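Since the structure is predicted, the reported quantities are computational estimates derived from the model, not experimental observations.
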Amino acid sequence: MSIALITLGGTIAMGGVDRGQPGVVTRLTGADLTAAVPGLAELWVRLDVRDVRAVPSASLTYRQLLEVVGVASTAVAAGATGVVVSQGTDTLEESAFLADLVWPHTAPLVFTGAMRNPTLAGPDGPANLLAAIRVAAAPAAGDLGVLVVVNDEVHAARWVRKTHSTSTATFASPNAGPIGQVIEGEVRVLVRPQRHDPLPSVDPERLDATRVALYPVTLDDDGLLLTGVADTHHGLVVAGFGVGHVPAALAPLLGKLAGRIPVLLTSRTGAGSVLSQTYGAVGSEADLQRRGLLNGGLLDPYKARVLLRLLLAAGLDGEALAVALARFR
């Protein structure tokens, strides 16, 4: 059994300090990471370690992540049972969701990382990496799409979120919970969510040129920051209050923008869905939909931006775009 391990740096691999500079920096290779994992040799899994790039996850790009998916696909085509990607946790929820949107294989693609770097007491990287490799090698994890494995929990990429800046239990799936657990080394899949068909391939040049803005609505918001956004961006994600509300004064502006570019309405709360017909006042979800905004449903703002950018880069617009977005609500 072969598992490909693709390393991208991040806290899990930050083991050194630059002389005269505070804070750890990326130093550890995939070989260093696996050498620090107790019990890995007892798994009888052959690891194909690939150090693709060492970069903090805050600096990753869509193009780089699609290249990682390409490397993972090549590994599966060559016979790998599954693939593990280690990266920083800052953008892990977006990276995994982006990969999930395009991953075409039944073989598991598992993302993992760490919250405590190897220089600290109780680093969680080795345990997370071991659990991720177990999941990638488990037959039960097949045909589940892209997964995030941390803290002995298995999360679907479409639902997982980082919920705390420092806690090792930061990753959660507020709307669904974990779909499985790793218990005494055994991978237990408790829920099997239905997979979506992968999105069509996107030309990297077109993806780079496609810009989608994210706008969080705030109390007494005057919308000034939205001035000119339709001239510089191809789409807009609005993170509204509660079930999808904005100040009444902002509604006409968003309606005008929706006449020029796709505007996707989401909730800034972190869990729950945008509604469609419960409230009808100016600035409510029903009012905004009448003005042309698209309903993001359960999509959180960050994943909504990933999805909208990929769909726009693929050339979808109008009714085709609305139908595609509705599949992920």
Side-chain angles (χ1 to χ4, degrees), residues 8 53 55-70 87-88 90-102 157-158 161-162 198-218 221-240 244 246 250-268 274 288-289 291-297 299-329:
L8 296 177
R53 61 179 71 248
V55 59
S57 67
S59 296
L60 286 171
T61 67
Y62 282 53
R63 181 189 283 252
Q64 291 171 344
L65 289 166
L66 290 178
E67 290 172 355
V68 168
V69 173
Q87 71 157 75
D90 282 348
T91 61
L92 193 150
E93 64 189 272
E94 292 161 271
S95 299
F97 182 62
L98 172 59
D100 190 47
L101 291 173
V102 299
R158 74 181 75 169
R161 296 195 67 179
K162 186 173 182 178
L199 297 183
S201 59
V202 178
D203 176 69
E205 297 292 336
R206 185 163 183 171
L207 180 61
D208 289 345
T210 302
R211 294 182 174 85
V212 175
L214 171 58
Y215 185 78
V217 178
T218 56
D221 199 324
D222 60 9
L224 184 61
L225 291 175
L226 290 171
T227 303
V229 70
D231 298 321
T232 57
H233 291 73
H234 304 90
L236 171 67
V237 174
V238 174
V246 303
L250 203 57
L253 173 59
L254 291 175
K256 290 180 181 179
L257 287 173
R260 298 183 60 189
I261 59 175
V263 180
L264 186 57
L265 179 63
T266 65
S267 173
R268 71 176 199 174
V274 168
L288 294 174
Q289 288 175 121
R291 298 175 188 270
L293 274 70
L294 300 167
N295 190 310
L299 283 167
D300 69 65
Y302 311 111
K303 290 186 174 67
R305 181 178 177 272
V306 171
L307 176 60
L308 183 56
R309 185 175 175 187
L310 282 183
L311 293 176
L312 291 175
L316 274 68
D317 58 13
E319 184 63 24
L321 176 64
V323 170
L325 287 169
R327 289 171 49 205
F328 297 90
R329 288 180 50 197

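A search for salt bridge (Lys or Arg N to Asp or Glu O under 4.0 Å) contacts involving R309 returns nothing, not counting sequence neighbours. Applying the salt bridge (Lys or Arg N to Asp or Glu O under 4.0 Å) rule to R211 yields no partners; only residues at least two apart in sequence or on another chain are considered. Under the side-chain contact (heavy atoms from CB on, under 4.5 Å) criterion, R268 pairs with T218, A239, F241, not counting sequence neighbours. For D222, there are no salt bridge (Lys or Arg N to Asp or Glu O under 4.0 Å) partners two or more places apart in sequence or in a different chain. For D100, the salt bridge (Lys or Arg N to Asp or Glu O under 4.0 Å) test picks out no residue, with sequence neighbours left out. Applying the side chain to side chain donor-acceptor pair (under 3.5 Å) rule to Q289 yields the partners N295; only residues at least two apart in sequence or on another chain are considered. Among residues two or more places apart in sequence or in another chain, the side-chain contact (heavy atoms from CB on, under 4.5 Å) test is passed with D90 by S57, A58, K162. Every residue two or more places apart in sequence or in another chain that forms a ring-ring contact (aromatic ring centres under 6.0 Å, His included) with F328 is listed here: H196. In terms of the side-chain contact (heavy atoms from CB on, under 4.5 Å) criterion, residue partners of S59 (sequence neighbours excluded) are, by chain and number, V55.
Between E94 and R161, none of the side-chain N atoms (NZ, or NE/NH1/NH2) sits under 4.0 Å from a carboxylate O, so this pair counts as no salt bridge.
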Donor-acceptor contacts under 3.5 Å from residues 310-321 side chains, at least two apart:
none

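Inter-residue side-chain proximity for Y215 and V237 is flagged as unmet; no heavy-atom pair is nearer than 4.5 Å. Considering only heavy atoms from C-beta on, L264 stays 4.5 Å or farther from L293 through its side chain. L199 has its side chain within reach of R327: a pair of non-hydrogen atoms, C-beta onward, lies under 4.5 Å apart. Counting heavy atoms from C-beta on, the side chains of L265 and L254 never come closer than 4.5 Å. Two residues are said to be in side-chain contact when any heavy atoms from C-beta on lie closer than 4.5 Å; H233 and V212 fail this criterion. Looking at T210 and R206, their side chains come closer than 4.5 Å, going by heavy atoms from C-beta outward.
Atom-to-atom distance recorded for S201:OG and L66:CG is 10.0 Å, nearest 0.5 angstrom. Atom CD of Q64 and atom OG1 of T61 lie 3.5 Å apart (nearest 0.5 Å). Taking CG of L207 as the start and CZ of R63 as the end, the distance is 8.0 Å to the nearest 0.5 Å. Distance CG/L307 to CG/L98: 10.0 Å, rounded to 0.5 Å. In this structure, OG1 on T91 lies 9.0 Å from CG on L8, to the nearest 0.5 angstrom. Annotation: the span from L101 atom CG to R158 atom CZ amounts to 9.5 Å, rounded to 0.5 Å.
In plain terms, the two heavy atoms of A213 and V229 that are nearest each other are CB-CG2, 3.9 Å. L214 and P301 get closest at one heavy-atom pair: CD1-CB, 3.7 Å. The minimum heavy-atom distance between L224 and T227, with the atom names listed, is O-OG1, 2.8 Å. Nearest heavy-atom pair, L92 versus G88, reported as atom, atom and distance to 0.1 Å: CB-O, 3.6 Å. Taking each heavy atom of P262 and L294 in turn, the nearest pair found is CB-CD1, 4.4 Å.
Within the structure, the ring pair (Phe, Tyr, Trp, His ring centres under 6.0 Å) test picks out no pair touching residues 299-321 (sequence neighbours left out). Sorted by first and then second residue, the side-chain hydrogen bond (donor to acceptor under 3.5 Å, both in side chains) pairs with a member in residues 251-267 read D231-R260, S267-T269; sequence neighbours excluded.
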Residue pair Q87, L65: steps toward the side-chain contact (heavy atoms from CB on, under 4.5 Å) verdict | CA-CA 11 Å; Q87 71 157 75; L65 289 166; 4.2 Å; yes
Stepwise side-chain contact (heavy atoms from CB on, under 4.5 Å) test for V306 and Y62: CA-CA 9 Å; V306 171; Y62 282 53; 3.5 Å; yes
